[in-house]
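Numbers here simply count residues along the sequence, with the first being 1. What you see below is based on every heavy atom in this structure, not just the backbone, and it leaves out hydrogens, waters and symmetry mates.
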Amino acid sequence: MRTPSPDTVIATARGTSDVLGPLARIVLQYGGMIEERATAKGCKLEDWSAVAELVAVKNFKRVGAYMEVMNWQEYITFLTEWAGSTRFETTLFRISEVGRVVFQEIEERHYKGDDFIRKNVIAVYAFDDNDKIR
């Protein structure tokens with residue numbers, strides 16, 4: 001077994017609940033706003049301002065599936081270019097709030113013309129002390 005480094009945070013949880021925690025609610029709101037804008041035709045950079053209210057814009061870092069890193073401005077530029085080019089849907093399977101982190105397991109479905117992509121995603125959302133996604 002690998003020994004955790006001194007910087008590793010170890011959290012364990014065995015209980016479950018049917019009540020969302022406050023940070024999990026923010027993640028679901030954020031995801032809904034992304035999905036809503038992703039399917040809108042003619043999305044502009046300023047359309048992400050309401051989403052930005054949930055984000056620690058100066059400290060935001062998005063790490064993608066291929067380890068690509070984007071700050072907030074790069075991420076909303078990416079999203080704006082992508083928005084409207086696909087029908088995008090998600091299904092939530094599991095969401096866990098542990099400390100200042102939310103783990104979300106979803107299925108994503110992307111429809112673009114005759115192309116269809118379905119993938120399982122586990123997203124990790126870390127929060128700052130002001131309950132903003134970083």
Check your understanding: Can you say whether the rings of W72 and Y30 are parallel (under 30°), tilted (30 to 60°) or perpendicular (over 60°)?
Key -> tilted
Check your understanding: N130 side chain to K132 main-chain N or O, any donor-acceptor pair under 3.5 Å?
Key ->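 Flag not set: sc N130 to bb K132 has no pair under 3.5 Å.
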Check your understanding: Where the side chain of E97 meets the backbone of A24, is there a donor-acceptor pair that is under 3.5 Å apart?
Key ->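 Yes, because the side chain of E97 sits within donor-acceptor range (under 3.5 Å) of the backbone of A24.
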Which distance, rounded to the nearest 0.5 Å, do you find between the [atom1] of [X] and the [atom2] of [Y]?
| X | Y | atom1 | atom2 | answer |
| --- | --- | --- | --- | --- |
| R87 | Y111 | CZ | OH | 5.0 Å |
| D128 | N59 | CG | CG | 7.0 Å |
| I26 | D131 | CD1 | CG | 5.0 Å |
| N71 | K58 | CG | NZ | 13.0 Å |
| E36 | C43 | CD | SG | 10.0 Å |
| E81 | I76 | CD | CD1 | 11.0 Å |

Practice item. Apply side-chain contact (heavy atoms from CB on, under 4.5 Å) to I122 and R94, showing your working. Key: CA-CA 9 Å; I122 295 178; R94 218 174 265 116; over 6 Å; no
**Study point:** With sequence neighbours excluded, residues passing side-chain contact (heavy atoms from CB on, under 4.5 Å) with P6
**Key:**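 Partners of P6 by the side-chain contact (heavy atoms from CB on, under 4.5 Å) criterion come out as none, since no residue qualifies.
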Exercise for review: Using the salt bridge (Lys or Arg N to Asp or Glu O under 4.0 Å) rule, collect all pairs that involve residues 59-78, keeping only residues at least two apart or in two chains.
Suggested key: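 Salt bridge (Lys or Arg N to Asp or Glu O under 4.0 Å) check on residues 59-78 returns R62-E68.
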Are [X] and [Y] packed together at the side-chain level, in the sense that at least one heavy-atom pair is separated by less than 4.5 angstrom?
| X | Y | answer |
| --- | --- | --- |
| D129 | R100 | yes |
| T39 | E89 | no |
| N120 | E107 | yes |

Consider only side-chain heavy atoms of I, L, V, M, F, W and Y, link residues closer than 4.5 Å, and tell whether [X] and [Y] are in one cluster.
| X | Y | value |
| --- | --- | --- |
| Y125 | F93 | no |
| I117 | F78 | no |
| V121 | L28 | yes |

Point to revise | Criterion side-chain contact (heavy atoms from CB on, under 4.5 Å) on F127 and V27, from CA distance to verdict | key: CA-CA 10 Å; F127 285 80; V27 167; 3.8 Å; yes
Check your understanding: For F88, what residues pass the ring-ring contact (aromatic ring centres under 6.0 Å, His included) criterion, not counting sequence neighbours?
Key -> W82, H110
Practice item. Indicate whether any N or O donor in one side chain lies under 3.5 Å from an N or O acceptor in the other, for R109 and T91. Key: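 Checked: R109/T91 side chains pair up, N/O donor to acceptor below 3.5 Å.
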Review point. Any chance the side chains of T8 and S5 put a donor and an acceptor closer than 3.5 Å?
Key: yes
Exercise for review: Evaluate the side-chain contact (heavy atoms from CB on, under 4.5 Å) criterion for residues L79 and R37: first the C-alpha distance (whole Å), next the side-chain angles of each, then the deciding distance (0.1 Å), finally the verdict.
Suggested key: CA-CA 9 Å; L79 289 172; R37 284 156 182 76; over 6 Å; no
Point to revise | Pair V98-F103, side-chain contact (heavy atoms from CB on, under 4.5 Å): steps then yes or no | key: CA-CA 8 Å; V98 181; F103 302 89; 4.3 Å; yes
